[in-house]
A.B. asks: 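Below is the structure I would like to discuss, written out as structure tokens.
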Amino acid sequence: MTEQAQYVPALGRPELTRAYDLVLALVSREGRWRKALLKALDPRDGELIVDIGCGTGSQAIAIKRARPGVRMVGIDPDPAVLAIARAKAQRAGVEIEWRQGLGDQADVLVGRQVADAVISSLVLHQCDVPVKGAILEAMARTVRPGGRVLIADYGRQRGLMRLLFRFVQAVDGFERTEFNAVGALPGLMRSSGLSAVSERDRIATPSGSISIYETRAG
């Protein structure tokens with residue numbers, strides 16, 4: 001299987017990649033959950049922070065602007081979104097290391113250096129269950145023992161949020177997304193080498209609720 005066949009493009013189709021940032025802002029209350037993820041991360045000068053599935057770079061750029069003293073690495077398999085990310089970082093005047101590759105190879109892409117924190121946002125709901133597990137295992141391998149792992153993604157959907165989440169399921173596939181919608185993601189985190197999993201925040205959006213999960217390696 002080729003690398004391109006192993007990931008879902010932004011908005012489900014390569015020709016829609018350019019519209020991704022606009023659509024995300026409209027349907028996900030992006031500003032609120034990104035701020036919540038940044039607050040939970042609490043980046044510190046000198047840390048190595050890895051963003052797995054960084055997409056167009058919005059979260060990585062926000063972290064680097066908030067804490068210029070961190071070393072920020074963004075990983076994504078899609079060259080089209082990485083091109084957008086590089087351009088956005090250049091306009092923002094921040095230096096970020098962009099690396100093309102799949103999330104389950106994050107530890108290889110980072111190399112011998114162990115991250116102080118690893119984050120991921122709106123990636124896991126797009127993946128088949130075995131791929132979700134492989135990415136979570138790679139997160140556990142990439143971060144130092146006891147290091148911080150933060151995930152912002154669609155979690156268990158309740159009430160009206162369950163209905164609104166149908167939009168995401170139509171775009172990203174029912175089978176992939178239903179695992180998240182029924183609340184199974186925290187259990188998979190625990191079985192993938194991550195501990196003390198907690199749902200730190202839950203944000204209602206026009207496309208379903210986005211959870212901020214906090215956990216640690218080891």
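Nothing fancy with the numbering, it's 1 onward along the sequence.
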A.B. asks: Indicate yes or no for a side-chain donor-acceptor contact from Asp107 to the backbone of Ala138 under 3.5 Å, with no hydrogens or angles considered.
C.D. replies: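 Side chain of Asp107 to backbone of Ala138, a donor-acceptor pair under 3.5 Å: no, none is there.
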
A.B. asks: Using 0.5 Å steps for rounding, measure from the CZ atom of Arg200 to the CG atom of Leu150.
C.D. replies: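 CG of Leu150 is found 7.5 Å from CZ of Arg200.
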
A.B. asks: Could you give me the CA-CA distance, side-chain angles and deciding distance for Gln157 and Gln169, then say whether side-chain contact (heavy atoms from CB on, under 4.5 Å) is met?
C.D. replies: CA-CA 12 Å; Gln157 303 298 310; Gln169 296 194 290; over 6 Å; no

A.B. asks: Any chance you could measure Leu82, atom CG, to Cys54, atom SG, to the nearest 0.5 Å?
C.D. replies: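 Going from CG on Leu82 over to SG on Cys54, the span is 5.0 Å.
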
A.B. asks: Measure the CZ-CG distance between Phe179 and Leu188 for me, rounded to the nearest 0.5 Å.
C.D. replies: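 Phe179 CZ to Leu188 CG: 4.5 Å, rounded to 0.5 Å.
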
A.B. asks: Give a yes or no on whether Arg144 atom CZ has more than 12 heavy-atom contacts from other residues, nucleotides or ligands under 6.0 Å away.
C.D. replies: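 Counting other residues, nucleotides and ligands, CZ of Arg144 exceeds 12 neighbours.
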
A.B. asks: Quick one: are Met139 and Ser192 in side-chain contact, heavy atoms under 4.5 Å?
C.D. replies: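 Side-chain contact under 4.5 Å: no.
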
A.B. asks: So, for Asp45 and Arg67, which heavy atoms are closest and what is the spacing to 0.1 Å?
C.D. replies: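 Nearest heavy atoms, Asp45 then Arg67: OD1-CD, 2.8 Å.
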
A.B. asks: Looking at every non-hydrogen atom in both residues, tell me the closest pair between Pro43 and Ile49 and how far apart they are.
C.D. replies: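 Heavy atoms of Pro43 and Ile49 come nearest at CB-CD1, 3.7 Å.
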
A.B. asks: Verify the cluster assignment for Leu48 and Val114: are they in a single hydrophobic cluster under the rule of side-chain heavy atoms below 4.5 Å apart?
C.D. replies: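 No; Val114 is not reachable from Leu48 via cluster members.
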
A.B. asks: Do Leu164 and Val27 sit in the same hydrophobic cluster, where Ile, Leu, Val, Met, Phe, Trp and Tyr count as joined when their side-chain heavy atoms come under 4.5 Å apart?
C.D. replies: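 Per the 4.5 Å side-chain linkage, Leu164 and Val27 are not co-clustered.
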
A.B. asks: I need the Ser120 OG to Asp51 CG distance, nearest 0.5 Å.
C.D. replies: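 CG of Asp51 is found 7.0 Å from OG of Ser120.
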
A.B. asks: Going by heavy atoms in the side chains, are Glu199 and Pro186 under 4.5 Å from each other?
C.D. replies: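 SC-SC contact between Glu199 and Pro186 ruled out.
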
A.B. asks: In Å, rounded to the nearest 0.5 Å, how long is the span from CZ of Arg71 to CG of Asp116?
C.D. replies: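 Here the interatomic distance stands at 10.5 Å.
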
A.B. asks: Out of curiosity, Arg141 CZ to Gln105 CD, how far, rounded to the nearest 0.5 Å?
C.D. replies: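 Interatomic distance, Arg141 CZ to Gln105 CD, rounded to 0.5 Å: 7.0 Å.
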
A.B. asks: For Leu185, does its backbone N or O pair with a side-chain atom of Lys132 as donor and acceptor, under 3.5 Å?
C.D. replies: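 Looks like no, no N/O pair under 3.5 Å.
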
A.B. asks: Can you tell me if Tyr154 and Ser207 form a side-chain donor-acceptor pair at under 3.5 Å?
C.D. replies: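 Yes, side-chain donor-acceptor contact under 3.5 Å.
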
A.B. asks: Would Arg162 and Glu178 pass as an ion pair if we require N to O under 4.0 Å?
C.D. replies: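 Looking at Glu178 together with Arg162, the answer is yes, because their closest N to O distance falls below 4.0 Å.
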
A.B. asks: Just so I know, are the side chains of Val110 and Ile75 near enough to count as touching, which here means a heavy-atom distance under 4.5 Å?
C.D. replies: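 Val110 reaches Ile75 side chain to side chain.
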
A.B. asks: Verify, without hydrogens or angle tests, whether Gln59 (side chain) and Gly57 (backbone) share a donor-acceptor contact under 3.5 angstrom.
C.D. replies: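 Not confirmed, Gln59 side chain does not pair with Gly57 backbone.
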
A.B. asks: Is there a chain of hydrophobic side chains (I, L, V, M, F, W, Y, each step under 4.5 Å between heavy atoms) that links Val168 to Leu26?
C.D. replies: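 Linked, Val168 and Leu26 end up in one cluster.
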
A.B. asks: Looking at every heavy atom in both Leu122 and Ile210, which two are closest together, and how far apart are they?
C.D. replies: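 Closest approach of Leu122 to Ile210: CD2-CD1, 4.0 Å.
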
A.B. asks: Give a yes or no on whether the backbone of Arg44 and the side-chain of Glu47 come within a donor-acceptor separation of less than 3.5 Å.
C.D. replies: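 The answer is yes, because a donor-acceptor pair under 3.5 Å joins these two groups.
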
A.B. asks: Tell me if a side-chain donor or acceptor on Asp153 pairs with a main-chain N or O of His125 at a distance below 3.5 Å.
C.D. replies: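 Looks like yes, one N/O pair under 3.5 Å.
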
A.B. asks: Are Leu109 and Val123 connected into the same hydrophobic cluster when the rule is that any two of I, L, V, M, F, W, Y join if their side-chain heavy atoms are below 4.5 Å apart?
C.D. replies: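 Yes; tracing contacts between hydrophobic side chains, which count when under 4.5 Å, links both residues.
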
A.B. asks: For the residue pair Ala89 and Ile61, what are the closest heavy atoms and their distance?
C.D. replies: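 Result for this residue pair: N-CD1, 3.6 Å.
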
A.B. asks: Is it the case that the side chain of Thr215 and the backbone of Ser195 share a donor-acceptor pair, with hydrogens and angles ignored and the cut-off at 3.5 Å?
C.D. replies: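 Present.
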
A.B. asks: May I ask you to decide if Gln126's main-chain N or O and Arg176's side chain share a donor-acceptor pair within less than 3.5 Å?
C.D. replies: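 Flag set: sc Arg176 to bb Gln126 pair under 3.5 Å.
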
A.B. asks: Has the side chain of Arg65 got a donor or acceptor atom that lies under 3.5 Å from a matching backbone atom of Gly93?
C.D. replies: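 Judged by distance alone, no pair lies under 3.5 Å.
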
A.B. asks: Would you name the heavy atoms of Ala40 and Glu214 that are closest together and state the gap between them?
C.D. replies: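 Distance-wise, the nearest heavy atoms are O-OE2, 4.3 Å.
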
A.B. asks: Is there a side-chain contact (heavy atoms from CB on, under 4.5 Å) between Lys39 and Ile212 once you walk through the steps?
C.D. replies: CA-CA 10 Å; Lys39 182 178 179 181; Ile212 307 295; over 6 Å; no

A.B. asks: Examine distances only and state if a side-chain atom of Asp76 and a backbone atom of Asp78 form a donor-acceptor pair shorter than 3.5 Å.
C.D. replies: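 Confirmed, Asp76 side chain pairs with Asp78 backbone.
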
A.B. asks: Take a 6.0 Å sphere around CZ of Phe174 and say whether it holds more than 12 heavy atoms from other residues, nucleotides or ligands.
C.D. replies: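 Yes, enclosed.
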
A.B. asks: Answer yes or no: does atom CD of Glu97 have more than 12 heavy-atom neighbours from other residues, nucleotides or ligands under 6.0 Å?
C.D. replies: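 Buried by this count: over 12 neighbours within 6.0 Å.
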
A.B. asks: Identify the two heavy atoms, one from Ile135 and one from Ile52, that lie closest to each other, and give their separation to 0.1 Å.
C.D. replies: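 Distance-wise, the nearest heavy atoms are CG2-CG2, 4.2 Å.
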
A.B. asks: Decide yes or no on side-chain contact (heavy atoms from CB on, under 4.5 Å) for Arg148 and Val143, but give the supporting numbers first.
C.D. replies: CA-CA 7 Å; Arg148 310 187 306 286; Val143 73; 5.9 Å; no

A.B. asks: Would you say Met161 ends up clustered with Ile203 if hydrophobic residues are merged whenever their side chains have heavy atoms under 4.5 Å apart, either directly or through other cluster members?
C.D. replies: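 No, because Ile203 and Met161 fall into different hydrophobic clusters, even though each may have its own neighbours under 4.5 Å.
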
A.B. asks: Return yes when atom CD of Gln90 has more than 12 non-hydrogen atoms of other residues, nucleotides or ligands closer than 6.0 Å, and no otherwise.
C.D. replies: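 At most 12 heavy atoms, drawn from other residues, nucleotides or ligands, come within 6.0 Å of this atom.
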
